[in-house]
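Before any comments, here is the structure.
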Amino acid sequence: MQNFNFYNPTRIVFGADTIAALSDLVPPTARVLILFGGASAEKTGTLTEVRKALGQRAVQEFGGIEPNPSFETLMRAVAQVRSEKIDFLLAVGGGSVIDGTKFVAAAAHHQGDPWDIMLTGGASVSGALPFGTVLTLPATGSEMNNGSVITHKASHTKLPFSSAHVYPQFSVLDPTKTYTLPVKQVANGVVDAFVHIVEQYLTYPVQALPQDRFAEGLLQTLVEIAPQVLAEPTDYASRSNLMWTATLALNGLIGAGVPQDWATHMIGHELTALYDIDHARTLAIVLPALLHVQRDSKRAKLLQYGQRVWGISSGSDDARIDAAIAATRTFFESVGIPTRLSAYGLGAQAINDVLAQLEAHGMTALGEHGDVNLARSRTILETAL
Ligand code: NZQ
Ligand code: ZN
């Protein structure tokens, strides 16, 4: 196991009817800005519950944070924070709203051009407004981590940043708030969480036994609950298991002390920035192809993954690896997410365009060994056609 420094200050309040806890979680004298996305939070009644729980506090609202939140939109929220002397942010939504809120929290504190936060990957963040979240879409893990992904729409640039200053102070996780999700978003959540686990687990062995077993348990949980979570929107048991699994998938615990990959995510971000494909869908396209191309350096872990997650134990090593990759692809397809570029209407020209973006953004040495250079990314995308 490698050395690590594990820190996570986010308080989790989990369960049905927990939004009322905001009355204790948000400081009583705070000047609060509620940030949300499109119409869903109002339509589902979640915003009404949030407003009620905040009681007599000074509360303002900022709506319209779009999926894959844009710098352009978020800078309007920063202006409101500054002019209205807001001192506490409350995100109500999915990963996009939470990521957007992290950016607003950091940008409101930032001297100079806030896009620097993205260009430095968060290194230039020296402080941030405090904030909490009410999660409505289990997927990204943003509710319990310090990462955020923001898109500069004008230049089709989607970049991640992270900073110790942007952990949520608390997150309210009420699984009943996911009952209204379109089935497509639930499927996206299952696949995003699955790939988060794989990015931290499927690299090379470092004798990190708890992390491996924990990751395998989370993957198996997703496989086990996926049919129910898609078929029965109001099944509390499966929705609560999905919500907690997605949080645990990317709250730092399984990634502590182990090598991490993240090439699938970085290539996927370019597909979203160029073609507006949902985040999870880009991962479903890239991951099976990447596992195939990286099968030699990932060999030991691919065999372990095949055996422990999918029960693949017979055949030659190569046959078992093929079967493990095929099982992964079949799982994504089984939740209704196509895994080929061609299924999204993309072909060879798209590969050139994605490579140009990767180069422009310095994504030329990806993966746990830094060996996913542009040539390797091309092979991965060609394998994904
Ligand atoms: O905009 P509204 O009307 O609210 O509708 C949203 C949105 O259209 C809808 N929705 C959310 N909760 C709902 C609901 N509809 C009905 N009922 C509810 N309870 O769902 C749509 C998608 O929401 P979004 O927040 O965009 O989805 P998700 O949570 O998948 O977030 C994706 C973003 O997170 C980033 C992605 O890159 C992408 O920008 N990620 C953030 C990470 C992190 N911070 O750690 C890691 C991830 O890898 C990911 O990159
Ligand atoms: Zn993701």
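Read the numbers this way: they start at 1 and go in the same order the structure lists the ligands and their atoms. Note: hydrogens, waters and symmetry copies are ignored here, and every other heavy atom, side chains too, is used. When a residue number appears, it is its place in the shown sequence, counting from 1.
- Distances from the Zn ion (ligand 2) to the N/O/S atoms of Asp192 are shortest for OD1.
- Near Gly37, the atoms of ligand 1 lying under 4.0 angstrom from a non-hydrogen atom of the residue are 1 (O).
- Considering backbone and side-chain atoms alike, Asp99 places an N or O below 3.5 Å from some N or O of ligand 1.
- For atom 38 (C) of ligand 1, the nearest protein heavy atom (residue, atom name, distance) is Asn68 OD1, 3.4 Å.
- Ranking the protein heavy atoms by distance from atom 37 (O) of ligand 1 puts Lys158 NZ, 2.8 Å first.
- Thr10 places a side-chain N or O within donor-acceptor distance of the main-chain N or O of Pro168, the cut-off being under 3.5 Å.
- Under 3.5 Å, the side chains of Gln304 and Glu216 contain a donor-acceptor pair of N or O atoms.
- At least one N/O-N/O distance between Gly147 and ligand 1 falls below 3.5 Å.
- Heavy-atom proximity to atom 13 (C) of ligand 1, evaluated over Leu181, Val186, Leu137, is greatest for Leu181.
- Contacts between Lys177 and ligand 1, counted as non-hydrogen atom pairs separated by less than 4.0 Å, involve the backbone only.
- His265 and Glu199 form a side-chain donor-acceptor contact under 3.5 Å, judged by distance and modelled atom types alone.
- Taking atom 8 (O) of ligand 1 as the reference point, the nearest protein heavy-atom neighbour is Pro67 CG, 3.8 Å.
- A distance-only check finds no donor-acceptor pair linking the side chain of Arg329 to the backbone of Ala284 [under 3.5 Å].
- Considering only non-hydrogen protein atoms, atom 29 (O) of ligand 1 sits nearest to Gly95 N, 2.7 Å.
- Ring geometry for Phe103 versus Phe161: interplanar angle over 60°, hence perpendicular rather than tilted (30 to 60°).
- Regarding atom 45 (O) of ligand 1, its nearest protein heavy-atom neighbour is Asn145 ND2, 3.0 Å.
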**Report entry** Stepwise side-chain hydrogen bond (donor to acceptor under 3.5 Å, both in side chains) check, Asp318 with Ser316
**Finding:** CA-CA 5 Å; Asp318 274 311; Ser316 68; 5.7 Å; no
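- Side-chain N or O atoms of Glu270 include none that pairs as donor or acceptor with a backbone N or O of Leu355 at under 3.5 Å.
- Of all N, O or S atoms in His279, the one lying closest to the Zn ion (ligand 2) is NE2.
- Distance from atom 32 (C) of ligand 1 to its nearest protein heavy atom, with residue and atom name: Ser96 OG, 3.7 Å.
- The proximity of Asn188 to ligand 1, defined as any non-hydrogen pair under 4.0 Å, does not occur for either the backbone or the side chain.
- Taking the six-membered ring where tryptophan is involved, the planes of Phe331 and Phe194 are tilted, since the angle between them lies from 30° to 60°.
- Within 6.0 Å of the CD atom in Gln207, the count of heavy atoms belonging to other residues, nucleotides or ligands does not exceed 12.
- Nearest protein heavy-atom neighbour of atom 47 (C) of ligand 1: His196 NE2, 3.3 Å.
- When only modelled atom types and interatomic distance are considered, Thr73 and Glu66 share a side-chain donor-acceptor pair under 3.5 Å.
- At a heavy-atom distance under 4.0 Å, only side-chain atoms of Pro69, from C-beta outward, approach ligand 1.
- The shell of residues lying under 4.0 angstrom from ligand 1, judged by heavy atoms, excludes Lys43.
- Side chain of Lys301 to backbone of Tyr201: a donor-acceptor contact under 3.5 angstrom is found.
- With a 4.0 Å heavy-atom cut-off, ligand 1 is reached by the backbone of Thr140 and by its side chain too.
- Nearest to atom 9 (C) of ligand 1 by heavy-atom distance, out of Gly141, Ser40, Gly268, is Ser40.
- In Pro182, the part holding a heavy atom less than 4.0 Å from any atom of ligand 1 is the side chain.
- Only one option out of Val50, Ile86, Leu22, Leu54 pairs with Val32 in a side-chain contact (heavy atoms from CB on, under 4.5 Å); it is Leu54.
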Query - Candidate pair Arg340 and Glu333, rule salt bridge (Lys or Arg N to Asp or Glu O under 4.0 Å), full reasoning - result: CA-CA 10 Å; Arg340 296 279 180 192; Glu333 299 268 356; over 6 Å; no
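- Heavy atoms from both the backbone and the side chain of Thr136 come within less than 4.0 Å of ligand 1.
- For Ala39, every heavy-atom contact with ligand 1 shorter than 4.0 Å involves the backbone, none the side chain.
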